[in-house]
2 protein chains.
Amino acid sequence: MKDPKEIFNCYCKSHGMRCTPERYIIIDEIFRIRGHFNIDELYLRIRKDYPHKKLSKGSIYRTIPHLVKAGLLRECFIDQGHSCYESALGAHHHEHLKCVRCGKILEFSSPRINTIEKNICKKLKFHMIEHSHVLLGYCVDCQADLPKKGVS
Amino acid sequence: MKDPKEIFNCYCKSHGMRCTPERYIIIDEIFRIRGHFNIDELYLRIRKDYPHKKLSKGSIYRTIPHLVKAGLLRECFIDQGHSCYESALGAHHHEHLKCVRCGKILEFSSPRINTIEKNICKKLKFHMIEHSHVLLGYCVDCQADLPKKGVS
DNA sequence: TTGTTATTGAGAATCAATTACAATAAGAAA
DNA sequence: TTTCTTATTGTAATTGATTCTCAATAACAA
């Protein structure tokens, strides 16, 4: 019950949806990426890995929300108008750091932040579904080019 | 030196920019809102509060980035394709909770989260410029309508 | 007051994401 | 297997927020 496609099968059956090769390709490619991606990157990779298959962007856009609902995928943040996704399987709740210059994404997980968040929610009687936590800045490699005024 | 318009005056002078009535109106309205807003809400409020002035959305879109750079405004998160802003003056770094049903925005500030973030950045040698931290879920008032499956 | 040029409003352009639609194919039932 | 229903597909058009273009206007230094 850990195989993404099996999970998605169950989701499809319980939602009157069909298992199509297009959807399997999308799932396979997503779990081959093992990292963060946006729709365009996913589309390009599928085109490269399945040169004989014409899989349209439309199908990707239509499939993604199902994968999110099925608990396979997570939208982690929005980067300059592009939604950024990552696998939601076997991954702890974690936070992201994104370099605004080279685009590199670092991750960190902090149980303490999770605890704080839970306490806040309890205090405010807020029922949390998801969270998005991104730090924007410059990674080590890009700090050399930092203008002085960028530093506060 | 706490008046937003004065701060913006300095910013303009040091950037070869001009102080126009349009920009003053935008600043005034933003600091009258005292809360979160998106471009459309701001535009509508200005239309209502300055019925004789034709201020275009284009001007708002063009002014906002300057206000952000001048340290007057902060983009706190993106909500369903709408950038959400808030005043950056006299406000501590804080986090947001947004009700996905009624749209209400709650705030909380946590020095401990700030400390944790700083430690992470130090460890990863990451130069943080800004951060975005939103919890999405249901506020007290909207939890009654929660479908069972929504609760995890 | 004049001249330079930053800024404006209006509308066109852009771009990610969504949707419409006719053709296709998944999958249940015969 | 074949048939039938209808979910899904690819294509192309559409949406909606944001950005850009451009001629007219106006800020502000001289």
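Letters A, B, ... are given to chains in the order of the sequence lines, protein chains preceding strands, and every chain is numbered from 1.
Under a hydrophobic-cluster definition in which Ile, Leu, Val, Met, Phe, Trp and Tyr are linked whenever side-chain heavy atoms come within less than 4.5 Å, directly or via other members, B:Ile33 and B:Val68 are assigned to the same cluster. Hydrophobic clustering of Ile, Leu, Val, Met, Phe, Trp and Tyr side chains at less than 4.5 Å, counting indirect connections, unites B:Ile39 with B:Leu44. The hydrophobic clustering, which links ILVMFWY residues whose side-chain heavy atoms are closer than 4.5 Å, places B:Leu67 and B:Tyr50 together.
Contact check for A:Thr20 versus A:Ser59: no side-chain heavy atoms found under the 4.5 Å cut-off. For the pair B:His66/B:His15, no side-chain contact is recorded, criterion being any heavy-atom separation below 4.5 Å from C-beta on. You'll find the side chain of A:Ile25 reaches within 4.5 Å of the side chain of A:Lys53, heavy atoms only. In this structure, B:Phe126 and B:Ile120 have side chains that are not in contact, with every pair of non-hydrogen atoms separated by 4.5 Å or more.
Between B:Phe108 and B:His133, the two ring planes are perpendicular [angle over 60°; tilted spans 30° to 60°].
Looking at residues two or more places apart in sequence or on another chain, you find a side-chain contact (heavy atoms from CB on, under 4.5 Å) between B:Glu86 and B:His36, B:Arg74, B:Cys76, B:His94, B:His96, B:Glu107. Applying the side-chain contact (heavy atoms from CB on, under 4.5 Å) rule to A:Cys12 yields the partners A:Phe8, A:Met17, A:Cys19; only residues at least two apart in sequence or on another chain are considered. Annotation: side-chain contact (heavy atoms from CB on, under 4.5 Å) contacts of B:Leu89 (sequence neighbours excluded): B:Pro4, B:Ile7, B:Phe31, B:Leu72, B:Ser87. B:Ser83 meets the side-chain hydrogen bond (donor to acceptor under 3.5 Å, both in side chains) test with B:Glu75; sequence neighbours excluded. Checked against side-chain contact (heavy atoms from CB on, under 4.5 Å), A:Lys5 has the following partners two or more places apart in sequence or in another chain: A:Asp3, A:Tyr24, A:Ile27, A:Asp28.
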Show your working on salt bridge (charged side-chain N to carboxylate O under 4.0 Å, His left out) between B:Lys104 and B:Asp141 and close with a plain yes or no. CA-CA 10 Å; B:Lys104 196 188 303 158; B:Asp141 304 330; 2.8 Å; yes
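A heavy atom lying under 4.0 Å from DNA chain D marks none of the residues of residues 69-89 of chain A. Within residues 17-30 of chain B, the residues having any heavy atom closer than 4.0 Å to DNA chain C are, in order of number, B:Met17, B:Arg18, B:Thr20, B:Glu22, B:Arg23. Near DNA chain C, meaning a heavy atom under 4.0 Å away, the residues from residues 54-61 of chain B are B:Lys54, B:Leu55, B:Ser56, B:Ser59.
Applying the salt bridge (charged side-chain N to carboxylate O under 4.0 Å, His left out) test to every pair with at least one member in residues 120-138 of chain A, sequence neighbours left out, gives no pairs at all.
Tested against A:Glu29 for a salt bridge (Lys or Arg N to Asp or Glu O under 4.0 Å), the candidates A:Lys48, A:Arg45, A:Arg34 yield a single pass: A:Arg45.
Over its length, the helix from C:dT1-D:dA30 to C:dA30-D:dT1 turns its helix axis by 30°, as judged from the five terminal pairs at each end, rounded to 10°.
Here the range on DNA chain C touched by chain B, meaning any atom under 4.0 Å from one of its heavy atoms, is C:dT4 to C:dA10. Once you apply a 4.0 Å limit to the heavy atoms of chain B, the touched nucleotides of DNA chain D run 5' to 3' over D:dA17 to D:dC28.
Nucleotides of DNA chain C nearest to B:Lys53 and B:Gly16 differ in position, and the one nearer the 5' end is that of B:Gly16.
Residue A:Arg32 places its CZ atom among more than 12 non-hydrogen atoms of other residues, nucleotides or ligands, all under 6.0 Å distant.
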